[in-house]
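A quick write-up on the structure given underneath.
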Amino acid sequence: MAEQIVTTQPVLDATGVAKNYGAVAALRNASLSVLPGEVHALMGANGAGKSTLVKILTGAVRPSAGDILIRGKPLDVRSPAQARRAGLVPVYQEPALIPDLDIVSNLRLTRTPVEPFRNWVRELGVPDLDLDDLARDVPLAILRVLDLARALAVQPDVLLLDEMTAALPANLAERVLDVVRRQAAAGRSVIFISHRFVEISALCDRATVLRDGETVGVVDIEPGVEEKIVELMLGARVDRSRPVSASQVAARQPGEKPRLSVRNLSIGTKLNDVSFDLSNGEVAGVVALEGQGQDELFGALAGSIRPAGGTIEVDGRAVRFGHPADAIQAGIAYVPGDRAEALLMQRSVRENIALPFSARLRNWGPIGSQRERGAVSKAIERLQIDTRAQGEVQRLSGGNQQKVTIARWVAADARTILCFDPTRGIDVGTKQEIYKLLRELAGQGKSILFYTSELEEVRRVCDRAIVIFSGRVVDILPVEIADEAALTRASYGLPRGAAADVGILADAAQKGAGAP
Amino acid sequence: MSSVTSPTPQVSLGRRVKRFMSDQPLVPLIILLIALVIVLQILRPGIVNERWLANTVKFSIPLALLAGSQTMTMLTGGIDLSVSTVATMAAFIMASQAAAHGAPVAVLLALLPALLIGIANGIGAGVFRVHPLIMTLGTSLIGAGCLQVYQRTVIATGTRIPDLFTWLGTGVTWGIPNALALFIPVAALILFIQKRTGFGRLLYALGDNEKAARLSGAHYWQVILALYVFSSLLAGVAGLLYVGLIRAPSSLSLAEPLLLPSVAAAVVGGTSIFGGRGGYTGTIVGALILTVLTTLLTILQMPEGARRVLFGAIILLVTAVYLRITEDR
Amino acid sequence: MTSFIRRQSWVSGLFALLVVLFILTRIIQPGYGSGDFGSLARAALPYAFAVAAQTVVVIAGGIDLSVASLMALTSVIAASMMNSASEEYALFVVPFVLAVGFLVGALNGLLIVVTRVPDIVVTLATLFILQGAALMVLEAPGGAAAEWLKASIVGTVAIPGIPESVTAWIPKALVVLLVCLGLVWIPLKRSALGLSIYAIGSSELAAFRSGVSVARTRIAAYAIGGLFGAMGGLSLTMSTGIGAPIPGPYLLASVAAVVLGGVTLGGGKGGLVGPIVAVFILRLMRTDLTLLAIDPNVTSIVEGTVMVAVVMLGAFLAMRERRP
């Protein structure tokens with residue numbers, strides 16, 4: 001079979017694809033080659049460049065460099081419409097149906113034939129669909145199926161599925177996988193993006209693995225390939241980090257109330273029954289792949305999102321946050337991952353840091369209290385923020401900007417800081433400073449919840465790692481065993497050690513465990 | 001590793017222009033103002049003298065006050081189109097009540113509708129999140145209707161402008177317009193609010209990044225409500241001064257011609273219509289520029305229509321250029 | 001089918017409200033007859049076109065603040081061109097003015113797309129520019145309109161075979177309105193462009209991913225809005241016989257009627273029927289207040305308050321939708 005595939009011309013062949021946003025390279029040198037009749041997995045950790053590559057292939061953004069060949073012919077995809085015409089049809093994570101149009105109009109908009117669409121919908125396990133329904137009124141899971149049916153109805157050469165099974169109940173997911181398999185059997189190709197190894201080993205022929213914007217390997221899917229893929233995703237990185245020594249973890253008095261206690265928290269379909277504690281003086285890491293519910297978790301704790309169920313307790317008292325101001329009142333501050341969300345880009349460093357001081361109605365009066373000035377200056381000094389370019393925060397380097405977002409809450413003396421991926425895209429030196437700062441804060445009895453997409457940081461900073469997958473806490477690892485490999489496995493929902501049985505993966509897991 | 005990293009070493013021309021503009025926004029404005037005065041002097045030799053100067057300042061002040069409302073609201077990304085109606089209402093009510101109740105009571109009565117309209121604007125824009133432009137336009141129409149009704153009911157009493165406002169509006173002492181006695185404290189107050197109070201900081205914060213302000217604990221509606229009340233009261237005060245200057249107390253469209261220039265003065269003065277940037281100093285220079293420009297256009301015998309076209313085009317152009325300059329983040 | 005009824009329930013409700021208002025009017029003024037209805041239709045004409053212009057733009061996810069100024073401009077252009085010109089000349093004036101409106105609208109859209117300045121700022125600037133342009137065409141109300149144009153919205157339509165007691169209730173103004181709107185709206189609604197306009201208003205990202213050219217669609221929406229605006233300007237000249245350079249209160253009225261008509265300010269929703277019915281509701285309300293012998297200025301206050309309340313409600317609903 002392998003030889004036979006090699007001789008055929010790839011239906012899609014992308015090489016040397018790169019994309020720069022300003023000085024930031026989202027994609028350096030990605031390649032992807034898909035053969036006819038193949039289900040090809042595209043894999044990579046957070047920030048590896050998957051979504052950028054998808055956007056380029058589907059014409060949503062233009063690449064800075066690289067060639068894309070379709071059936072050996074060079075193709076210049078300038079718009080989604082062009083990609084469609086070339087036979088490459090994507091199904092995105094967020095459905096692309098227009099919410100305020102009914103299904104028929106949505107089909108008309110993309111010039112999709114109705115009858116094949118109807119057949120595919122039935123095939124996919126949705127028997128009673130009213131085509132006059134507004135897309136808005138269709139449940140999300142069904143909507144994703146309709147999006148898939150719409151793509152299938154135009155008989156695409158290459159179907160691109162982005163986390164297709166993510167929001168689907170088991171029975172629909174089964175049908176979808178079945179249809180994908182048959183699609184391949186009929187000689188069409190599918191690019192399959194998923195975080196779920198179970199699906200990938202059950203469905204895919206080969207996998208392309210991206211790391212740091214580069215294609216680092218193409219592997220055939222066979223039993224035990226998970227380990228190899230995890231290895232590729234991690235790269236040749238040596239685990240240099242020292243685990244946090246036990247002495248660093250503040251001794252917890254027995255019987256002391258946890259600073260933050262989350263019980264059975266759930267938010268829509270995104271977060272399910274999440275429970276954990278955060279103690280005073282602790283840095284707890286949160287590890288999750290993109291979109292597993294961590295955004296919603298942090299939003300709820302920060303007072304931005306109202307949870308649908310469950311309780312949050314602060315120092316043993318139940319709280320309900322209606323506005324971030326309530327969370328701040330309870331001593332909980334949120335540092336968002338996107339600096340642009342936290343900073344007043346056109347204002348000065350001092351103004352940015354001092355913002356929480358003016359937020360409350362009683363502080364609207366004249367500024368100038370010695371306390372505030374002192375606190376701001378101390379925070380600037382403590383974080384060693386470069387204030388030469390004082391005028392506007394947008395002129396600072398990314399690292400300095402990130403420091404400002406944290407300095408704000410150091411100055412405001414928040415007891416709990418929720419840090420969402422604070423080291424993303426900043427230089428190594430600043431990263432070290434931030435690690436040190438977070439540990440220092442914990443040493444002073446503050447508690448920190450720290451989501452990170454860079455797994456090695458867990459060992460540098462955290463006392464524990466809470467792993468979330470599909471909106472649930474799947475594991476809580478003590479820092480001693482939370483190396484990158486263990487965290488990667490856990491964040492893909494793979495079991496710790498060999499004991500657990502997860503169907504298809506059981507073989508592979510046993511094989512892996514048998515060796516040592 | 002040094003903790004102090006240097007900011008981006010290579011700076012493009014556009015970026016340099018932008019930095020200069022944002023660090024020293026007043027310099028190009030003052031150059032423009034002087035240039036306009038020179039053009040005026042060339043077109044009409046001898047026109048620029050002490051009297052002309054006092055007159056220009058006198059006419060700039062009510063405009064600068066109304067533009068103060070626009071500056072404050074624009075800092076949050078809003079706008080206040082009800083200022084002209086509020087100013088007119090205040091002027092008319094003050095003039096019609098002064099005869100019967102005396103100046104102090106009349107002034108208080110005059111500022112009452114300003115307060116009410118400000119509250120309505122604040123609730124509409126802050127709580128219901130109607131775009132301030134639509135909201136203030138609506139309250140402006142309602143206010144104009146109320147003024148018409150009011151005019152009918154008080155037609156008999158007659159109008160009188162208290163001496164104080166005539167003195168403020170038209171008087172000149174030692175070559176300096178008396179209006180400055182009102183304007184300087186008010187301008188100082190606006191500048192103080194913008195630069196030295198927590199409230200002022202929140203205005204910039206909301207306009208720059210509402211989400212960040214929210215995450216820092218600021219309540220949007222509180223700030224917006226207070227802002228539009230202040231803006232409206234400021235417009236009321238401007239109306240009182242303006243009626244002293246124009247001395248046409250029974251006109252029901254007294255301050256209407258100042259609406260467009262007030263928006264233009266704030267925009268020309270470097271306040272971003274998207275919020276987060278600007279300040280009142282620039283607006284004051286902007287008001288002077290517009291007053292001189294108006295004189296110039298009058299001398300050139302440009303009709304009112306062409307003037308509006310020009311001012312509208314200036315707003316669009318300045319905004320588009322501003323957007324281009326700041327876009328390369 | 002159920003979803004169709006549910007979707008039309010807002011418009012049905014508006015029709016019911018209109019009927020209730022008619023009954024109320026008859027109670028207040030038992031003599032309210034077909035003639036009064038004719039003048040109501042005539043008075044509603046410019047409002048209806050203004051609302052149609054706003055509706056198209058709002059459905060596409062934008063807003064057009066310049067609509068009242070565009071009406072003033074097109075009205076004075078028409079009136080000054082027809083001033084002391086022959087009756088036949090008006091046959092040329094009408095398409096010319098419509099083309100002006102279309103182009104000005106397209107220019108609005110183009111400026112928004114090219115400068116990337118938000119629609120609300122661009123159309124605020126063009127509001128002033130068009131107002132100035134109108135003043136440059138005519139400094140004071142003046143000009144004239146062709147007799148046949150003026151006559152085309154006065155009186156009723158006589159249809160052979162239908163008794164006059166029925167046709168008396170079909171004023172020409174209403175027929176002109178429905179024909180003009182229908183000629184543009186019905187083909188538009190059935191075309192790919194119409195779908196695209198709804199699509200970009202509903203979700204720009206999803207529309208882009210569905211292969212819609214967002215920029216081109218936006219320009220087209222503003223252009224069609226401009227066309228309706230020009231019709232509104234012409235109707236002003238037709239009903240008054242002159243052109244006035246100062247814009248009437250059509251901006252706020254158009255936004256209020258759009259919201260009342262079930263078109264969300266966020267875009268993507270609603271149709272043209274709702275907003276047009278809403279215009280008649282707002283006009284009839286004014287009639288009722290007048291019939292109750294309320295001071296016309298008080299009437300405008302009440303009307304303004306109702307409109308502001310409607311817009312606030314609309315904004316509130318739009319906000320709730322954004323944050324489910």
Side-chain angles (χ1 to χ4, degrees), chain A residues 22-23 302-304 323-329 333-336 338-347 351-352 354-368 372 383-389 391-397 399-400 405 408-409 412 427-430 432-433, chain B residues 1-11 15 18-25 75 189 192-223 225-227 230 271-272 274-278 322 326-329:
Chain A
S304 300
H323 188 280
D326 301 339
I328 293 166
Q329 190 75 23
Y334 172 54
V335 179
D338 184 1
R339 292 188 289 275
E341 221 173 90
L343 293 175
L344 315 175
M345 284 296 178
Q346 309 173 71
R347 311 307 303 170
E351 237 183 284
N352 267 282
L355 184 56
F357 289 106
S358 317
R360 291 170 68 191
L361 194 55
R362 69 162 84 129
N363 300 325
W364 281 12
I367 304 166
E372 178 188 314
L383 274 84
Q384 300 187 306
I385 297 168
D386 174 12
T387 53
R388 277 180 304 167
E392 291 178 18
V393 160
Q394 60 183 334
R395 296 181 194 171
L396 297 181
S397 66
N400 271 308
T405 63
R408 176 184 289 166
W409 299 111
D427 62 286
V428 184
T430 311
Q432 299 290 353
E433 291 176 63
Chain B
M1 157 85 200
S2 135
S3 63
V4 180
T5 48
S6 64
T8 10
Q10 289 212 329
V11 181
R15 203 169 267 263
K18 174 195 149 202
R19 286 193 180 178
F20 179 74
M21 292 285 281
S22 59
D23 290 344
Q24 305 291 337
L75 288 182
L189 176 71
F192 180 76
I193 289 176
Q194 284 181 355
K195 295 210 156 98
R196 293 263 179 275
T197 67
F199 177 65
R201 252 191 208 164
L202 289 183
L203 295 183
Y204 285 101
L206 283 182
D208 189 305
N209 188 343
E210 193 196 320
K211 197 154 190 183
R214 190 178 141 85
L215 286 178
S216 296
H219 286 274
Y220 181 82
W221 70 270
Q222 293 176 345
V223 184
L225 179 59
L227 167 66
F230 179 85
T271 298
S272 162
F274 309 118
R277 183 200 291 265
Y322 173 82
T326 51
E327 222 165 36
D328 61 333
R329 276 182 195 167

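Order of the sequence lines sets the chain letters (A, B, ...), proteins ahead of strands, with each chain counted from 1.
Listed by chain and number, the residues in a salt bridge (charged side-chain N to carboxylate O under 4.0 Å, His left out) with K195(B) amount to none (sequence neighbours excluded). Shown here are the ring pair (Phe, Tyr, Trp, His ring centres under 6.0 Å) partners of F199(B), two or more places apart in sequence or in another chain: W364(A).
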Exercise for the section: Could you check L203(B) against V223(B) for side chain to side chain contact (heavy atoms under 4.5 Å, CB included), going step by step and ending with a plain yes or no? Expected result: CA-CA 7 Å; L203(B) 295 183; V223(B) 184; 3.8 Å; yes
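Proximity to chain B involves both the backbone and the side chain of A354(A), based on heavy atoms less than 4.5 angstrom apart. Proximity to chain A (any heavy atom under 4.5 Å) is shown, for L215(B), by both the backbone and the side chain.
Counting heavy-atom pairs closer than 4.5 Å to chain B, the top residue among Q432(A), R360(A), E351(A), Q329(A) is E351(A). Of the listed residues (N352(A), L343(A), L361(A), L383(A)), the one with the most heavy-atom contacts under 4.5 Å to chain B is L343(A).
Scanning all heavy atoms of the two residues, the minimum distance from A327(A) to A302(A) falls at CB-O, 3.4 Å.
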